[in-house]
Amino acid sequence: MKRSHRFKRSIKPKKSLDIKLTNSNNEQDITATTSMTLSSSIKPSSSLIRANSNLKPQIPISSSSLISFEKSSILSQDFFQIDALDLAPRLLGKFLRRDDVVLQITEVEAYRPNDSACHGRFGVTPRTAPVFGPGGHAYVYLCYGLHTMLNIVADKEGVGAAVLIRSCAPVCGLETIQLRRGQKTEKPVLLAGPGKIGQALGISTDWSSHPLYTPGGLEVLDGPEPENILIGPRVGIAYASPEHVNALWRFVVADSPWISAPKNTLGPPP
DNA sequence: GAAAAGATTAAA
DNA sequence: TTAATCTTTTCC
């Protein structure tokens, strides 16, 4: 039964042109092969920023800090090994990179141990095992049978915490993003919402547990800290206990248009 | 084994 | 407002 499902899935036409065959670190050649299809949209990195300079500004950041993206370094694993509640706001402004696509994180949510909304609440299962691993890895799951949701695992091994990436602003690779999303727009509808991030990055659940602190595949790069942030309750977790439904563990970049709904629950931190 | 529900999205 | 779509977890 599972087999037939997989088969059916594999022959389904996909918007994404990217294929990942293994869970290890040596998928580079594969993405390189598939991205040849997109070669027209791939440019030398020095011209990437300029080529996409018509993209709407996301975070109120100085142009000098945007230039710094080219020099911005991949974050080390230490960066992620802290409480998800601390990690979540620190991820705002950071960059997600996969091949020619670079996104800047604008909205996140923290999920923590003893949190009735966290996927780790049932303990270690095949799906949630990465959540209990050391911070700095991806946790990718399928939501509503349709959407791949990207989380960044937080804290030390065994804790069980993660940060959901809910929205991003496009920085590079707009054409690839639009191709994968199936929408030719530059408006926030392109990347505001967690399912859209997974789709824009072209990742599947096979990417779960992928290390984000090593070059290649999917990376998190350092980026400018936003000037102001807003916080609010997390989205879509009505099933959780009131304590966790009301917890203000959603963080967004203030004044960014790249934020998912609802926005009227957001406010300044205390 | 069967059934319900889900950290959502796009279209009507 | 609602259909789409399927894996995970739970219940009998």
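In the text below, chain A, chain B and the rest are named by the order of the sequence lines, each starting its count at 1.
- A salt bridge links A:D99 and A:R180; the closest N-O separation between the charged side-chain nitrogens and carboxylate oxygens is under 4.0 Å.
- Residues that satisfy the side chain to side chain contact (heavy atoms under 4.5 Å, CB included) test with A:I74, not counting sequence neighbours, are A:P215, A:E219, A:L221.
- Between A:F95 and A:S72, the closest heavy-atom pair is CD1-OG, 4.3 Å.
- The CD atom of A:E109 sits 7 Å away from the P atom of B:dT8 (whole-angstrom rounding).
- Using a 4.0 Å cutoff on non-hydrogen atoms, the parts of residues 230-246 of chain A near DNA chain B are A:V235, A:G236, A:I237, A:Y239, ordered by number.
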Report all side-chain donor-acceptor pairs from residues 135-143 of chain A shorter than 3.5 Å, counting only partners two or more places apart or in another chain.
| from | atom 1 | to | atom 2 | distance (Å) |
| --- | --- | --- | --- | --- |
| A:H137 | ND1 | A:S209 | O | 2.8 |
| A:H137 | NE2 | A:Y213 | OH | 3.1 |
| A:Y139 | OH | A:H119 | ND1 | 2.7 |

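- Atom pair A:Y144:OH and C:dT5:C1' shows a separation of 12 Å (rounding to whole Å applied).
- Residues satisfying the side chain to side chain donor-acceptor pair (under 3.5 Å) test with A:S241, not counting sequence neighbours, are A:S116, A:H244.
- Applying the side chain to side chain donor-acceptor pair (under 3.5 Å) test to A:D83 and every residue at least two apart in sequence or in another chain returns A:R112.
- The closest side-chain heavy-atom distance from A:R250 to A:T265 is below 4.5 Å.
- For A:Y239, the ring pair (Phe, Tyr, Trp, His ring centres under 6.0 Å) criterion is met by no residue, not counting sequence neighbours.
- A side-chain hydrogen bond (donor to acceptor under 3.5 Å, both in side chains) check over residues 148-167 of chain A, counting only residues at least two apart or in different chains, returns the pairs A:E107-A:R166, A:E107-A:S167, A:R166-A:S260.
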Taking Watson-Crick and G-U wobble contacts under 3.5 angstrom, with | marking pairs to another strand and [ ] crossing pairs, the secondary structure of DNA chain C is written ||||.||||||.

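- Note: the hydrophobic cluster containing A:L164 does not contain A:V220 (ILVMFWY, side chain heavy atoms under 4.5 Å, direct or indirect links).
- For the pair A:R127 CZ and C:dC6 C1', the computed distance is 12 Å after rounding to whole Å.
- The line from CD1 of A:I165 to CG of A:L103 is 10.0 Å long, rounded to the nearest 0.5 Å.
- Qualifying salt bridge (charged side-chain N to carboxylate O under 4.0 Å, His left out) partners for A:D115, counting only residues two or more places apart in sequence or in other chains: A:R234.
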Extract from the structure each pairing of a protein N or O with an N or O of nucleotides 9-12 of chain B at less than 3.5 Å, listing the distance.
| from | atom 1 | to | atom 2 | distance (Å) |
| --- | --- | --- | --- | --- |
| B:dT9 | OP1 | A:G193 | O | 3.3 |
| B:dT9 | OP1 | A:P194 | N | 3.0 |
| B:dT9 | OP1 | A:G195 | N | 2.8 |
| B:dT9 | O4' | A:H147 | NE2 | 3.1 |
| B:dA10 | OP1 | A:R181 | NH1 | 2.8 |
| B:dA10 | OP1 | A:R181 | NH2 | 2.9 |
| B:dA10 | OP2 | A:K196 | NZ | 3.3 |

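- In this structure A:Q178 satisfies the side chain to side chain donor-acceptor pair (under 3.5 Å) test with no other residue, sequence neighbours excluded.
- Non-hydrogen atoms lying under 4.0 Å from DNA chain B are contributed by A:A117, A:H119, all within residues 117-125 of chain A.
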